[in-house]
Amino acid sequence: MDFPATLLHGARATGLWESLLEAAAGLLCEAPGRATTPWQARACGECAGCHLVQAGTHPDLRVVVPPALAAELGLGADEAGEGAQAQGEARTAAAGREIGIEQVRGLIDWAQGTSHRGGPKVAVVHPLDAMAAPAANALLKVLEEPPESLCFLTGTHHLDRVLPTLRSRCSLRAWARPDAQAALAELERRGQSDAQAVMHWSRRAVFEPDPARGLEWTRRLVRQLADGRVNQLDGVTPAQAIESLQKLTLDLVRVRSGLQPSYLADMDGALRRMAGQGDTGAWLQWWQRLAQAARTPDFPVHAGLAVQAWVVELQQLCTSGAN
């Protein structure tokens, strides 16, 4: 079997990582008559191969991610492609945010071996943009001449940051956001209350740990602004406040332009009252200042005062009068 390397690219928290793992599980499934190509093969969940994948002990599956991302994805050091020799080196690579060269060398050594179970060997590398030049060059060699029956499944949320040499060796596959039905199903599976509102707030990026982050704080802020009295600003970090205020600002610009709100779909009336009192140009300028602040969200010495300052400015914008 000849498997070209595949690079799956799409937005964060939209199921891209989950799709990579599902594709790997499908390829390693040992059920009779299964498909043998990525994203067509489906794991049965019952065979010995599927049980090994579920346990994280399949010898023909290698997952390589940056150390800092491993815990977030629910992977241990061994599952994340860090052998004992590589762990120290990997953790020092850009504070664990990069895939280190020792991780790639371990992957290459594993790839050169024969299959333990007589089927394909599957390597999952994510994100492919998290590689400095030495690690990328080492990986490039095996991508150019992959061992027989080796399948590379790679992913990225920033296709423009993937080195051209790596990108050119991969078959590109775009990953779309889940549709509304799939997003609601995922939120309901997680037991998320008010799934409809969270789906809009997260723009269907429902696979992140907390897709409702900042929603209740923003709702409370809108209600308090409508009453003309803001007195509860706790419950968010500066980074979360900036993200929430950006979403709120974009909705205010949308409704002032005659469109429906994207993030706070259930607060259309309150948003229209707020937007009618402000100036579109001022809203856009403020959004740009928020975007600038988002680059260093943890810089303020006093987080509470920083959030308060942004909310005070929002109040001023809401009462500045329309053009």
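Everything numeric here is computed off the predicted structure, so don't read it as measured data. Values below: all heavy atoms of this structure, side chains included; hydrogens, waters and symmetry mates excluded.
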Item checked: Test item: Arg254 side-chain N/O and Gln260 main-chain N/O as donor-acceptor pair under 3.5 Å -> yes

Measure the shortest side-chain to side-chain distance between Glu186 and Pro178 over non-hydrogen atoms and say whether it is less than 4.5 angstrom.
no

Polar side-chain atom of His126 near backbone of Gly155 as donor-acceptor pair, under 3.5 Å: yes

Pair Trp310, Leu314 - check side-chain contact (heavy atoms from CB on, under 4.5 Å), show working.
CA-CA 6 Å; Trp310 291 321; Leu314 174 61; over 6 Å; no

What side-chain donor-acceptor pairs closer than 3.5 Å can you find for residues 130-146, not counting sequence neighbours?
unit_1, atom_1, unit_2, atom_2, d
Asn137, ND2, Ala133, O, 3.2
Glu144, OE2, Arg169, NH2, 2.8

Taking Asp129 first and then Arg167, would you say they form a salt bridge - that is, a charged N and a carboxylate O separated by under 4.0 Å? no

Does any non-hydrogen side-chain atom of Ile99 lie less than 4.5 Å from one of Val65?
no

**Prompt:** Quick one: are Val104 and Val64 in side-chain contact, heavy atoms under 4.5 Å?
**Reply:** no

* Asked: Under a 4.5 Å cut-off applied to non-hydrogen side-chain atoms, are Thr154 and Leu8 in contact?
  -> no

Arg272 side-chain N/O to Val255 backbone N/O, donor-acceptor pair under 3.5 Å: yes

For Pro67 and Glu98 the tightest heavy-atom approach is CD-O, 3.5 Å

Just by modelled atom types, is the Leu264 backbone N or O under 3.5 Å from a matching donor or acceptor in the Asp251 side chain?
yes

Please check if the side chain of Lys247 supplies one atom and the backbone of Trp201 the other of a donor-acceptor pair under 3.5 Å. yes

Would you check if the side chain of Trp175 reaches a backbone N or O of Thr14 as a donor-acceptor pair within less than 3.5 Å?
yes

Side-chain donor/acceptor of Ser257 to backbone N/O of Leu259, under 3.5 Å:
no

Note: Ala294 and Gln246 closest approach over all heavy atoms is CB-OE1, 4.4 Å

* Under the salt bridge (charged side-chain N to carboxylate O under 4.0 Å, His left out) criterion, do Arg220 and Glu216 qualify, and how do the steps go? -> CA-CA 6 Å; Arg220 188 171 72 240; Glu216 286 307 316; over 6 Å; no

Requested in this report: Walk me through it: do Val122 and His58 pass the test side-chain contact (heavy atoms from CB on, under 4.5 Å)?
Outcome: CA-CA 10 Å; Val122 182; His58 200 298; over 6 Å; no

When every non-hydrogen atom of Ala212 is compared with those of Val198, the smallest separation belongs to CB-CG2, 3.8 Å

Exercise. Between Leu250 and Trp283, is any pair of side-chain heavy atoms under 4.5 Å apart?
Worked result: no

dist Asp60:CG -> Trp110:CH2 (nearest 0.5 Å) comes out at 6.5 Å

May I ask you to check whether Gln40 and Thr37 show a side-chain donor-acceptor distance below 3.5 Å? yes

Donor-acceptor side-chain pairing of Trp39 and Thr6 below 3.5 angstrom: no

* For the residue pair Arg219 and Met267, establish whether any side-chain heavy-atom pair is separated by less than 4.5 Å. => yes

A side-chain contact here means heavy atoms from C-beta on lying under 4.5 Å apart; do Ser202 and Tyr263 qualify? no

May I ask you to decide if Thr237's main-chain N or O and Gln240's side chain share a donor-acceptor pair within less than 3.5 Å? yes

Check whether any side-chain heavy atom of Thr156 lies under 4.5 Å from a side-chain heavy atom of Arg161, and answer yes or no. no

_Pair Asp179 + Arg204, salt bridge at N-O below 4.0 Å_ = no

Subject >> N-O pairing of Arg117 and Glu30 below 4.0 Å >> reply: yes

Using only atom types and a distance under 3.5 Å, with no angle test, would you say the side chain of Gln103 pairs donor to acceptor with the backbone of Gly100? yes

Could you check whether any side-chain N or O of Arg177 sits under 3.5 Å from a backbone N or O of Arg203, counting only pairs where one atom can act as donor and the other as acceptor? yes

Next on the checklist: Any carboxylate oxygen within less than 4.0 angstrom of a Lys/Arg side-chain nitrogen, looking at Glu243 and Arg213?
Outcome noted: yes

| said: Looking at His158, I want to see if its NE2 is surrounded by more than 12 non-hydrogen atoms of other residues, nucleotides or ligands under 6.0 Å. | reply: yes

